Every structure is written in structure tokens, then in C-alpha cells.
Amino acid sequence: MGLLIENIGTLVGLAEPGVDRREGAAMKELPCLEGAWLLVEEGRIADFGTGVAPVADERADAGGRWLFPSFCDAHTHLVYAGSREQEFLDKINGLSYEEIARRGGGILNSADRLHETSEEELFRQAMERIDEIIRMGTGCVEIKSGYGLRLEDELKMLRVIRRIRRSSPIGVKATFLGAHAVGREYAGRQSEYVDHVCRDMIPAVAREGLAEFVDVFCDEGFFTVEETARILEAGRRHGLTAKIHANELAVSGGVQVGVRFGATSVDHLERTTDVEIEALRGTRTMPTGLPGASFFLGIPYAPVRRMIDAGLGVALATDYNPGSSPSGNMRLVMAMGCIRMKLTPAEALNATTLNGAAAMNASDEYGSITRGKAASFFLTRPLPSLAFFPYAYQTPLIEQVYLRGRRVV
Ligand code: NIG
Ligand code: FE
């Protein structure tokens, strides 16, 4: 029975069942096996080891390649219509992200385009991005709504996300982000928009079972802590777990309100002080850095080094979206984690696999080489060391991709 992959140079990222995250000093731990085999049965990791391998129907020779658990990208907005390179040019000419948003660009620009795009076309565009990230090693991805900003368009986005889950072997987690910006019809009436999100959107999303999480952009110029709490409370009543965009533009209080609601993750965190780090200690909320947004917007990088040194676990994700991070490349995220955030390669891999899975409640299936988890992994050409992987960050090292036991690349 099953598929046996033999002659693996190094099998990277093992974890005992039940280990769902690594925190603080433990983020440097990255259990590996050299000269290994791995057995896949019914789409899952059945067994692995060294020495004598079990008998299997099918065998594949890894030829000394390294085998890694798929990346887990816990924060994306990859369902969107078109692109926003005009704003890219505006930024080059000196406008800030906030100024672009104030002029009606930014998120509202994407909402206008999404409104005019059919569900079918939105799905087609999103699937191109899905295929792109699969090739780059991602095996599980969280996708947010938030370019609808009116009930029907938010539902349209979430139905596209559901269709992606049903038609692709990648793992998909859905998040409702109606409070990404105030929809045009509610311009100047932010509080009423928040009521609309709580009273109409969240119940409708829950009724169709379209999302597991509710997210809010809790930041200067977007939603306040009080509005965020209202939305997270409404989400909680409808069975949606919190995630938060916080502290990207200012020290917003978003981390604390997220922790108060037991958020699975609090994300961005570019403006984080010791107070926020303290608030996260001893909680299950995973701080998630998005270095691609820092790079693209030219803003500070989240101080994830300080967080780890304070004993926290951290995740890193792409934030793949048309406005602040038009890239879904988790390997680049891993490299930026090392280069700009001063994580070791082992820490950066834990942040983009095991802790990424925890940041989207996907640890039962993804994030490590563990018996019983989904057989979703990639193989690189033989590497001189783990550090070579983020160091040679642009060299096409990923040669094969398996998702749920099937070779897809
Ligand atoms: O995570 N910060 C808020 N939202 C997105 C950007 C969305 C956009 O500009 O379209 C982000 O960076
Ligand atoms: Fe985001």
C-alpha cells in the first residue's frame, strides 16, 4: 500500500504529534533525519524513518533531495480583481499608504473592481495565484474577504474562497474581513457600517458557513478598538474566531483587543512596544509578522526577534494582496525573516511552517512532518546546509511538490 519516497537527503521539520507550535528558545529547534524514507498512505504521512524501509506499491527515489513540510501562509488576501500598479507608481512618487487610501485608492479601489467582476472571473484570477503559490511550496493558506465591503460582494468573495478549497489540493482557511475599510455607501458613517457588519454581514456569513475567522483592520484611520471589540463580539456569538490586523500604521491597541477575544493570531505588528509583547505572553495568540508588506511599503519590520527573545512564538506570512504585498512567495518571506528580522534559518522555517499552521488553526493537518498529518511537502535539490535555503533565496531550489500525497509539480 502507499507511496514510499526513498533516499531523502534530509527530512526536515519533524514534530511529535501534539506539538502545535514552538516558542521562545524552542524556535531554534528543528528536528531532522538524514538519509530517510517517508511513507504516504491515503494522502497522509503514514510513517518515516531511516534504514530498512517498508514495502509499498509505489516507490519514488528522492535522489538525495531534501524534503520540507509545505509552507503554511496564515495571512493572505489573494482573492482580488485586477491589480493596483498605479498606486505602486504613486508610492514611488512619494505618496504614503494612508494618503493613497484617503484619496479613494487602496482598499476601496479594489472593492470597486471586485464589484464589477463576476464570481467566475474572480475565481479564475485567484486560481492563477493559487497555482503560483503551490509552485513556491505553500500547502495551506488562509484567505480573507474584505474587498467586498457590501454584503453581496463579501459573500461573493467568500464563495470564491470556498470554491478554491473544493477544487484545489491546497488547504484553505477562510476569514471574513468586512471591516477592512468602510464601504463607499457608508462613507462618513463608520459607526453605522460597523453595525451593518455586526447585524447583517456576520450572521449571513455564519448562516452559509463561509468563514472560520473574523478579522478587523484595527489601526489608525481604519477601525477603533471599541469598533473592533463590537465586531469580534458579534463574530464570537456566531461561532467565528478572531484574527486581527493590528499596529501596522500606529500603536493601535489592536493586539490587546485581539488577546482579550482569544484571537488565533494578531498580524502585522510593525509598531509594537514592550507593552504589546507583555500582553501576548502566556496566551495562545500567535503574533504574525508580514515582512513582504514592510518591504513593499518601506515601513519598519515587526520586531519578531525581540518577541522570540521574550519567549513568544511567532509566525511569518506573505499578506499576499494587491496593495501592500503583491507576492505570495513564502520562501522570500523566510529569507526576509532571516535577513531583515534576524531570525535564524531554523526559526524562520518554524515561523513559516509549524507556527504558521497554528496561526490559522491548521496544526492538526499541516506545519510539520508528523504521522497522520496531510502528506503536503516539497523537495529541494540537495542542499549544503539548511542556511543555504534562505541564503540563496532566488535560486530555484524547489523541484517537486506533493499535496495530500499527490505529486503536483
Ligand atoms: O494587510 N493592512 C490592511 N490590509 C492589507 C492591505 C490591503 C490593500 O491595500 O489592499 C494588508 O496590508
Ligand atoms: Fe493583510
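Computed from heavy atoms alone, side chains included, the values below leave out hydrogens, waters and symmetry copies. What you are looking at is a predicted structure, and each value in this text was computed from that prediction instead of being measured.
Going from atom CD1 of I130 over to atom CD of E128 covers 11.5 Å, rounded to the nearest 0.5 Å. Here the OG1-CG distance, from T370 to L354, works out to 7.5 Å after rounding to the nearest 0.5 Å.
Of the residues listed (V197, L151, L158), the one engaging V205 in a side chain to side chain contact (heavy atoms under 4.5 Å, CB included) is L158, and it is the only one.
In this structure, Y186 and H196 have parallel ring planes: the angle between them is below the 30° cut-off, well short of the 60° mark. Using bins of under 30°, 30° to 60° and over 60° for the plane-to-plane angle, the ring pair H180/H245 lands in the tilted bin.
Closest non-hydrogen pair, G2 versus A56, comes out as O-CB, 3.7 Å. Across every non-hydrogen atom of A335 and P390, the tightest pair is CB-O, 3.5 Å.
Enclosure of atom CZ in R184 by more than 12 non-hydrogen atoms of other residues, nucleotides or ligands within 6.0 angstrom is indicated. By the 6.0 Å contact criterion, CZ on R199 is open, its count of non-hydrogen atoms from other residues, nucleotides or ligands being 12 or less. Counting heavy atoms of neighbouring residues, nucleotides and ligands inside a 6.0 Å radius, atom CZ of R103 does not exceed 12 of them. In the displayed structure, E119 atom CD is contacted under 6.0 Å by more than 12 heavy atoms of other residues, nucleotides or ligands. Counting heavy-atom neighbours within 6.0 Å of R135 CZ, excluding the residue itself, gives a total of 12 or less.
R306 places a side-chain N or O within donor-acceptor distance of the main-chain N or O of T272, the cut-off being under 3.5 Å. Counting only distance, with no hydrogens or angles, the side chain of D219 and the backbone of S252 share no donor-acceptor pair below 3.5 Å. R113 places a side-chain N or O within donor-acceptor distance of the main-chain N or O of S83, the cut-off being under 3.5 Å.
Side-chain atoms of K243 and S265 form a donor-acceptor pair, as typed in the model, at a separation below 3.5 Å. There is no side-chain donor-acceptor pair under 3.5 Å between H268 and H75. Judged purely by distance below 3.5 Å, without hydrogens or angles, the side chains of E120 and S118 never pair a donor atom with an acceptor atom. Side chains of T318 and D73: a donor-acceptor N/O pair is present below 3.5 angstrom, by distance only. With hydrogens and angles left out, the side-chain atoms of R84 and S110 include a donor and acceptor closer than 3.5 Å.
A heavy-atom distance below 4.5 Å is found between the side chains of M307 and P287. Side-chain contact between L312 and E23 is absent, with no heavy-atom pair separated by less than 4.5 Å. Between L14 and F48 the shortest side-chain heavy-atom distance falls below 4.5 Å.
For an aromatic pair to be called close, the ring centres must be under 6.0 Å apart, and F223 with F217 fails this.
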